[in-house]
Amino acid sequence: MTGPWPLTADRDADGALTIGGVSVRELAREHGTPLWVVDEADLRTRCRRYVEGFPGVEVTYASKAWCTTGVLQLVDEEGLLIDVASGGELFTALNAGVPADRLILHGNNKSEDELERALDAGVGRIVVDSFDELERLERLAAAREVVAPVWLRITPGIDAHTHEYVRTGHDDSKFGFTLSLGLADQAFARALELDHVDVVGVHAHIGSQIFGTDPFIANVEVALDLLARWRDEHDVTLAELNLGGGMGIRYTHEDHPVEVHRYGKAVLESVDERCEALDLPRPRLIVEPGRAIVGPSTITLYEVGTIKELPGLSTWVSVDGGMSDNIRPALYDAEHDVLLANRVSDAEPRAVTVVGKHCESGDLVRDHAPLPRDLALGDLLAVAATGAYTASMASNYNQLPRPAAVRVRDGQVQPLVHRETEEDLIRRDVPLR
Ligand code: LLP
């Protein structure tokens, strides 16, 4: 199928959408809706394409995109490193059996407990984000008589979202050491004085859902220039450079993101060119995609519950989930393609507003969704590219239990996450009587 659908998406003889050779009708019947359906072949293929597209580069999965045990194990099996950005993500990854030295710890406000656990587990790299953290980490590592291998997170001053970049300007971010204000220089100078923090490289992430290659190339240049300058000023050549994540994906048929091989080629060529110009050895490179690994692999299946026609106004189609399982439309005006999934229809399409079942008007699934006029109660809708930042940002708003997730492959279905029950919803409550 064309568009933003998982690689194995197809239609069976009855016209039902199939993923991994399994009909969505069967999935809805056996596992209920809303349901996240992960196309395992798609997910594994995207891991492999990344590894192939970035030869010699360590590809790291940014687990914030979807940090659930089965996904982490799958990505680990494909040989990716994993970045975690909280104690909870660290716990989930370690508990999933990911070796600690294959983990990278992020976060702009890591607690002492999180840092201690990372040091005790022996995570591969800690990304230091602030002066406070530099001192905290020195103290904690000294108490353990270990040396923490770290990257300094720099804020490179690149405006990724507009595809334009500025190299100076006021880089007013909560993340990292702002380069233009000299903070990265101060942090490096301070780190060189510390005995238990070993700066092995630099980390520079410029943003997310980026479509062109220019901002990534600008990031490469800024980061390598910095490594060359520090070499000249301190006689220390840092060996590692993490270029972050952020590659855009297709959410609708109108999106045309850069293909991963092209992105890899552009980044690696710019690294080689810049290194040559600066007479710098090519550092060990790391990239950190989240969305591009897991996003396109997954659809959300919903059932249509009500259809309201307002003549001259809109047609409102309500499904059985919404902003609690996908906050992206409400939070980022994100658009995900929607299609009729349980059957095909010859009826003329018309633009409808697909909404969830939550008690607020911002509970949008998709505006102007072209769905056939004969759309009926009980039909199934599939929403595209919901693997990243939907389950991981899900809530229990209106006390809706969070959906189940399954992975499908070669006609087989395996659960990934059980559906929450209403009992689960009150498990942490402390009753008054
Ligand atoms: N590395 C760092 C340091 C990050 O902060 C992020 C994403 C990534 C890597 C992965 O970026 P990706 O390849 O997934 O674009 N909730 C938003 C996205 C927030 C991204 C946060 N950081 C959304 O739903 O669009």
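Only a predicted model underlies this, so the values are computations on that prediction, with no experimental measurement involved. Start at 1 and go down the list; that is how both ligands and their atoms are numbered. One is the number of the first residue; the rest follow in order along the sequence.
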Novice: When you compare ligand 1 with G246, is there at least one nitrogen or oxygen pair between them that comes in under 3.5 angstrom?
Specialist: yes
Novice: Report the part of S208 in contact with ligand 1, treating N, CA, C, O as backbone and CB onward as side chain, heavy atoms under 4.0 Å; options are side chain, backbone, both, neither.
Specialist: both
Novice: Where does R291 meet ligand 1, judged by heavy-atom distances below 4.0 Å: at the side chain, the backbone, both, or neither?
Specialist: both
Novice: With sequence neighbours left out, what residues match P281 under side chain to side chain contact (heavy atoms under 4.5 Å, CB included)?
Specialist: T237
Novice: Pick out which of R48, R102, R46 makes a salt bridge (charged side-chain N to carboxylate O under 4.0 Å, His left out) with E78.
Specialist: R48
Novice: Just to be sure I read this right, does ligand 1 sit under 4.0 Å from the backbone of F175, its side chain, both, or neither, counting only heavy atoms?
Specialist: neither
Novice: Provide, to 0.1 Å, the distance between atom 23 (C) of ligand 1 and the closest protein heavy atom, together with that atom's residue and name.
Specialist: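 Protein heavy atom at minimum distance: Y332 CE1, 3.3 Å.
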Novice: Taking the six-membered ring for Trp and the full ring for Phe, Tyr or His, determine whether the centres of H106 and H205 are under 6.0 Å apart.
Specialist: no
Novice: Assess whether atom NE2 of H234 is packed by more than 12 heavy atoms of other residues, nucleotides or ligands within 6.0 Å.
Specialist: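 Enclosed: over 12 neighbouring heavy atoms sit under 6.0 Å from NE2 of H234.
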Novice: Taking only residues two or more places apart in sequence or in another chain, which ones pass side chain to side chain contact (heavy atoms under 4.5 Å, CB included) with S173?
Specialist: T155, F175
Novice: Would you kindly specify which portion of H205 sits under 4.0 Å from ligand 1, judged on non-hydrogen atoms: side chain, backbone, both or neither?
Specialist: side chain
Novice: For atom 24 (O) of ligand 1, what's the nearest protein heavy-atom neighbour? Residue, atom name and distance, please.
Specialist: R328 NE, 2.6 Å
